[in-house]
K.L.:
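Pasting a structure below so you can have a look.
Computed from a predicted model, the values in this text were never measured in an experiment.
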Amino acid sequence: MPELSQEIDRGRAVLPFGLAEVTGPSMVPTLHHGDRLLVQYGARIRPGDVIVLRHPFQQDLLVVKRAVELRESGWWVLGDNGYAGGDSTDYGAVPEELVLGRVRFRYRPPRPARRSPLAVLRWALSAARPVLADRSASRRLRAR
């Protein structure tokens, strides 16, 4: 679940982009605990996109999930880690008004314990990446 670094006023962000931090394992291997996200508020959502939304039952709690399918009642969302739970299999489709935005970019901060030149090089090559849509997500939904 992310923590947003920007205030959101009546479902609309003050700026079109904001930052969030991932907590928990529900989006592993795409996102990991501690990853920082660049979120585009109000962006068009398509199946396969990673999105930030308000939890349907605890609307002060923000969640990062993958949008799988748009249904009559809202977006069906799933975590990339099937063992973590906390997605539409638990609470059903999420109304569109609870979807805040689309994740565009992921930044993984360095770990303080890694100081060797090889570890720093590996971090530098993998720390910042765009978060791409996974169009096969709807196939995973049909398989469940």
K.L.:
Do Arg106 and Leu31 come close enough that some side-chain heavy atom pair is under 4.5 Å?
P.N.:
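In short, these two side chains touch, coming nearer than 4.5 Å.
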K.L.:
Got a salt bridge between Arg66 and Asp49, using NZ or NE/NH1/NH2 to carboxylate O under 4.0 Å?
P.N.:
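Asp49 and Arg66: not salt-bridged.
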K.L.:
Taking atom types as modelled, is there a side-chain donor on Asn81 or Ser26 under 3.5 Å from an acceptor on the other?
P.N.:
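Checked: Asn81/Ser26 side chains show no N/O donor-acceptor pair below 3.5 Å.
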K.L.:
Any salt bridge between Asp87 and Lys65, counting N to O under 4.0 Å?
P.N.:
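Between Lys65 and Asp87 there is no salt bridge, as every charged N stays at least 4.0 Å from the carboxylate O atoms.
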K.L.:
For the CG atom of Leu53 and the CG atom of Leu62, what is their distance to the nearest 0.5 Å?
P.N.:
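Result: 8.0 Å between the selected atoms.
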K.L.:
Would you say Leu38 and Phe17 make side-chain contact, with heavy atoms under 4.5 Å?
P.N.:
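Yes; the side chains approach each other to less than 4.5 Å.
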K.L.:
Would you find a donor on one side and an acceptor on the other, under 3.5 Å apart, between the side chain of Arg36 and the backbone of Gly34?
P.N.:
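Indeed, once roles are kept as given, a pair shorter than 3.5 Å links the two residues.
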K.L.:
Could you give the distance from CD (Gln59) to CD (Glu97), rounded to the nearest 0.5 Å?
P.N.:
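Here the interatomic distance stands at 8.5 Å.
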K.L.:
Given 3.5 Å as the limit, does a donor-acceptor pair link the side chain of Ser88 with the main chain of Val77, or not?
P.N.:
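The answer is yes, because a donor-acceptor pair under 3.5 Å joins these two groups.
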K.L.:
Are the side chain of His33 and the backbone of Gly24 linked by a donor-acceptor contact shorter than 3.5 Å?
P.N.:
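Checked: pair present.
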K.L.:
Is there a donor-acceptor pair under 3.5 Å between the side chain of Tyr91 and the backbone N or O of Gly86?
P.N.:
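A pair under 3.5 Å: yes.
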K.L.:
Nearest 0.5 Å, please: how far is CH2 in Trp76 from CD in Glu69?
P.N.:
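Output value for this atom pair is 9.0 Å.
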